[in-house]
Amino acid sequence: MNLKDKLLAFDCEATGLNPWGDLERWGSYPARPYAFSFSNSEFETEYVRFQVNPKNRGVNYFESFLSISRFEWLKKLLEDPTIIKIGHNIGYDIRMCRHIGIEVKGEIHDTLIMAHVVTGGSLLSYGLKELGVRIAEFPDEDERDLKEATRKARTAGKKLGWALATKELHGRDPIKADYWMAPDELCKRYAVQDAQRTMFLFLAWHDRIMNDPSMRRVYEREIALSRVVAKMENRGTQFLPDQATKLRKFYEAYRAKQLEIADTNGGKGLNFRSPKQMVTKFIDEKGYEPIYYTQKGNPQINGDSLKFWHENKGDKLAGAILESKGASHMISGFLDPYERFKVKENDKTWVLHPNYRQCGPVTGRFSCGDPNLMQVASPTTGRRKTEITLRPREAFGPRNGYIWYLPDYSQIEVWVFSFLAKEHAMCEALLQGRDFHGAVAEKVWGKLPTFESDHSYFRKRAKLLMFCKLYGGGVNKVAYLTDSTPEEAEIFVREFDTQLPGISTYMKRMTTKAEREGKIINPLGRTYYIDPNFCYRAVNYMVQGTSADILKNAMIRIDSLFTRKWNDCHILLTLHDELVIEVPLKYHSKKLMREIIAEMQRDSAEIGIPVPLPVGMKIAKKYWSDTIEIESLTKEWKDKYICKKIN
DNA sequence: GTTCGCGGCGCC
DNA sequence: AAAGGGCGCCGCGAAC
């Protein structure tokens with residue numbers, strides 16, 4: 001395999017997907033690489049394989065002189081900074097290498113990111129094989145054969161007491177994690193073809209991306225960001241098992257109490273999570289009218305229905321079900337996954353390493369899983385339906401000697417929406433530092449005689465309408481949310497559109513553009529290819545996606561700030577418009593906070609906002625649930641940038 | 001026995 | 001003409 005042009009595609013085969021397992025608790029090693037495949041730009045290949053210990057899934061890189069020399073060869077190749085490394089989701093391969101003491105150096109490229117940039121996030125699947133078939137009609141039967149062989153090997157291995165991959169520890173498709181059990185020819189064919197596919201995609205897309213300023217900008221942003229995401233995942237967020245145990249006890253007791261109440265009110269033997277049984281119970285047996293219907297037209301027994309029956313019919317069963325489901329959700333939706341994924345960092349510290357998908361959602365946002373730390377419930381947000389609140393944030397907090405900073409953009413989607421649409425009244429309300437939804441309400445309905453006395457009602461209506469616009473909701477949705485008839489809702493929408501003409505004009509413009517051209521490009525360069533049947537989503541993609549790219553830029557800058565000036569500060573989590581940052585106590589200062597905020601504000605001009613974006617700052621000393629707002633920083637922004645008049 | 005779509009609900 | 005956007009995870013139960 002010559003490397004004249006210094007291009008090298010590579011792919012690791014690993015014993016699973018989760019690199020953060022816990023040998024002590026699992027009885028087997030977490031995912032480690034056992035095979036490496038390479039392709040140069042002429043599709044010449046190399047393949048290096050190590051043995052997996054079937055009893056504990058450990059990989060032995062040093063079992064013989066031969067394997068030691070293979071390892072040395074690998075290390076030299078991957079650590080050579082003059083060779084350009086190309087991978088499909090290369091962050092994963094880099095992490096696998098890192099775990100075995102190989103630091104991948106030099107320029108990197110990622111065909112997964114390329115695919116996302118080129119297709120504007122519009123594909124359903126960005127798997128290497130699917131892309132290979134789509135772009136190059138690459139045959140993809142290699143995996144089928146490998147999978148079949150693995151299935152057989154697993155059956156045999158089970159009898160021998162091998163540590164087979166399981167759903168609990170290795171995710172939805174454990175067979176994939178056991179490819180090492182199959183005959184090596186099959187594994188080799190599969191691995192080598194993946195490296196070739198990767199090279200092919202790279203060659204097909206590289207120049208196209210580099211020659212297009214928008215695509216190049218997004219691609220380079222994402223590549224830079226991939227290093228930041230890796231650091232964030234590697235660092236991990238501290239999980240507090242003792243807190244979790246306390247919470248578990250509390251919620252279990254609460255659930256038991258509610259189940260007792262349910263039992264004595266006719267709920268014995270009823271499975272609350274079975275929509276079918278619930279319909280039988282509440283609609284057929286009790287004779288209640290369905291309040292909502294599912295997409296398929298069945299009666300919908302959701303939290304809102306139960307709440308309604310509990311409150312309006314005094315139905316104790318409905319209330320108890322609601323409460324017990326709330327407690328169950330806390331346990332099975334939050335506490336259980338955390339227990340599964342927790343990893344011991346040292347004697348005192350347990351950590352969760354979430355898995356971020358940098359190029360998942362169409363809009364350019366992140367998604368997160370294993371566990372999803374973007375959806376950790378907070379008692380203060382969400383629509384509360386139950387007495388019981390979900391408090392999983394009490395099981396997270398800064399490591400010893402650190403404090404958390406939680407900077408967040410204030411109403412970023414509203415700012416982006418207003419300034420992209422150049423809706424004068426809305427921009428003015430923001431620049432004047434007014435209560436935004438209150439100001440919108442006044443603009444739209446301020447002349448009504450009841451406006452003053454019903455201010456909070458009108459404000460709420462304005463807010464709901466704003467979000468309906470943002471999400472592409474129609475009149476029926478407005479009617480539902482404002483608890484009014486479609487006829488009334490239509491009037492609200494018309495009044496809104498008349499008084500805030502910028503919004504409807506902008507929405508029309510984007511929708512038409514999407515219809516005519518099939519795509520739109522956000523101000524930070526990201527392209528969205530829009531399904532002609534869903535052009536109404538264009539505006540949402542613009543607003544949500546622009547906000548996402550603003551935060552992505554900020555993350556890159558903040559990471560660079562930390563590397564340059566504030567060693568040992570770490571971005572831990574990103575939550576769409578918010579970051580969680582771990583800061584050593586010795587650095588804790590307004591100065592550092594201001595510098596972080598400044599890095600988040602630099603993109604204002606890109607979207608025509610004449611002031612730095614407003615950023616709030618909170619700190620958490622002990623638990624994520626216990627945050628303190630640093631109001632003085634918000635005040636500094638207001639004092640400096642709020643203008644009372646606008647020309 | 002496994003796979004997959006759906007409903008429900010957590011986050012932004 | 002009308003359409004709430006973007007995610008991940010759990011549990012159920014029909015389909016395979």
Side-chain angles (χ1 to χ4, degrees), chain A residues 121 151 167 171-175 271-279 292-306 321-322 325-326 328-338 340-341 354-357 359-386 389-393 408-409 411-414 417 464-481 486 490 511 528 530-531 533-545 547-548 551 573-579:
Chain A
R151 240 185 267 273
K167 262 189 191 159
R172 271 170 210 69
D173 198 359
I175 294 176
N271 181 350
F272 310 153
R273 307 207 73 127
S274 166
K276 224 177 159 182
Q277 290 185 36
M278 293 290 274
V279 169
Y292 309 104
Y293 289 88
T294 65
Q295 274 201 330
K296 299 201 121 190
N298 300 317
Q300 189 176 28
I301 317 290
N302 57 14
D304 286 330
S305 311
L306 292 170
I321 289 177
L322 206 48
K325 278 173 87 173
S328 289
H329 190 201
M330 175 71 185
I331 295 165
S332 67
F334 296 105
L335 299 176
D336 285 349
Y338 302 155
R340 271 205 306 283
F341 286 108
N355 175 27
Y356 279 100
R357 281 183 68 201
C359 285
V362 282
T363 55
R365 274 187 172 186
F366 284 102
S367 74
C368 178
D370 299 340
N372 182 355
L373 294 188
M374 279 177 150
Q375 61 164 179
V376 184
S378 141
T380 55
T381 53
R383 294 161 56 217
R384 267 193 61 188
K385 288 181 205 125
T386 52
T389 53
L390 304 184
R391 296 160 18 222
R393 293 191 185 200
D408 72 308
Y409 290 103
Q411 305 195 85
I412 187 167
E413 296 202 343
V414 166
F417 195 18
L464 288 170
L465 249 86
M466 188 60 67
F467 282 99
C468 265
K469 290 281 175 192
L470 205 53
Y471 295 147
V475 168
N476 288 328
K477 201 67 193 181
V478 174
Y480 165 67
L481 289 172
E490 205 177 331
T511 312
Y528 304 104
I530 314 270
D531 181 331
N533 296 308
F534 297 97
C535 288
Y536 73 95
R537 292 179 185 170
V539 170
N540 179 261
Y541 287 3
M542 284 297 266
V543 175
Q544 192 186 109
S547 308
L551 186 71
L573 301 173
T574 165
L575 297 92
H576 304 304
D577 62 357
E578 180 182 352
L579 296 172

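Below, read A as the first sequence line, B as the second, and so on, with proteins coming before strands; counting in each chain starts at 1.
- One interatomic measurement links the two molecules: CG of Asn271(A) to P of dC10(C), which rounds to 17 Å at whole-angstrom precision.
- Distance alone, capped at 3.5 Å, is enough to place a donor-acceptor pair between the Tyr528(A) side chain and the Thr363(A) backbone.
- The CD1 atom of Ile301(A) lies 13.5 Å from the CZ atom of Phe272(A); values are rounded to the nearest 0.5 Å.
- Taking the P atoms as reference points, dC12(B) lies 23 Å from dG4(C), given to the whole Å.
- Per the geometry, OH belonging to Tyr528(A) stands 12 Å off P belonging to dG6(C), to the nearest Å.
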Audit row: Leu464(A), Val478(A), side-chain contact (heavy atoms from CB on, under 4.5 Å) steps and yes/no | CA-CA 7 Å; Leu464(A) 288 170; Val478(A) 174; over 6 Å; no

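- Atom CD of Glu413(A) sits about 9.5 Å away from atom NE2 of His576(A), to the nearest 0.5 Å.
- Here the C1' atom of nucleotide dA1(C) and the NZ atom of Lys477(A) are 18 Å apart, to the nearest Å.
- The phosphate of dC10(C) has neither OP1 nor OP2 within less than 4.0 Å of any side-chain N or O from Ser332(A).
- Between Pro354(A) and Pro371(A), the closest heavy-atom pair is CB-O, 3.6 Å.
- Looking at Arg151(A), its side chain never comes within 3.5 Å of a backbone N or O of Ile175(A) through a donor-acceptor pair.
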Nucleotides 14-16 of chain C: which of its N/O atoms have a protein N/O under 3.5 Å away?
| from | atom 1 | to | atom 2 | distance (Å) |
| --- | --- | --- | --- | --- |
| dA14(C) | OP1 | Lys276(A) | NZ | 2.8 |

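- Atom NZ in Lys469(A) sits about 13 Å away from atom C1' in dA3(C), given to the nearest Å.
- Taking atom CG of Leu335(A) as the reference point, atom C1' of dC10(C) lies 14 Å away to the nearest angstrom.
- Without hydrogens or angle criteria, Gln300(A) side chain to Tyr292(A) main chain gives no donor-acceptor distance under 3.5 Å.
- An OP1 or OP2 oxygen of dG13(C) is reached within less than 4.0 angstrom by a side-chain nitrogen or oxygen of Ser274(A).
- Residue contacts shown for Asp370(A) are limited to sugar-phosphate atoms, with no base heavy atom under 4.0 Å away.
- In this structure, Asp531(A) atom CG and dA3(C) atom P are separated by 17 Å, rounded to whole Å.
- Contacts of Phe334(A) classified as ring pair (Phe, Tyr, Trp, His ring centres under 6.0 Å), with partners at least two apart in sequence or in another chain: His329(A).
- Taking atom CE on Met330(A) and atom P on dC9(C), their separation rounds to 17 Å, with Å as the unit.
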Do nucleotides 3-12 of chain B as a string where each nucleotide becomes B, S or -: B if the base has a protein heavy atom under 4.0 Å, S if just the sugar-phosphate does, - if no protein is that close.
-> ----SSSBSB

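- Residue Tyr536(A) has a polar side-chain atom (N or O) positioned under 4.0 Å from OP1 or OP2 of dG5(C).
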side-chain contact (heavy atoms from CB on, under 4.5 Å) between Phe417(A) and Lys469(A), intermediate numbers included = CA-CA 10 Å; Phe417(A) 195 18; Lys469(A) 290 281 175 192; 4.1 Å; yes

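- Distance CZ (Arg537(A)) to C1' (dA3(C)): 8 Å, rounded to an integer number of Å.
- The structure places OG1 of Thr386(A) at 11.5 Å from NZ of Lys325(A), a figure rounded to the nearest 0.5 Å.
- Base engagement by Phe467(A) is indicated by at least one non-hydrogen atom pair under 4.0 Å involving a base atom.
- Backbone-only contact: Val362(A) has heavy atoms under 4.0 Å from sugar-phosphate atoms and none from a base.
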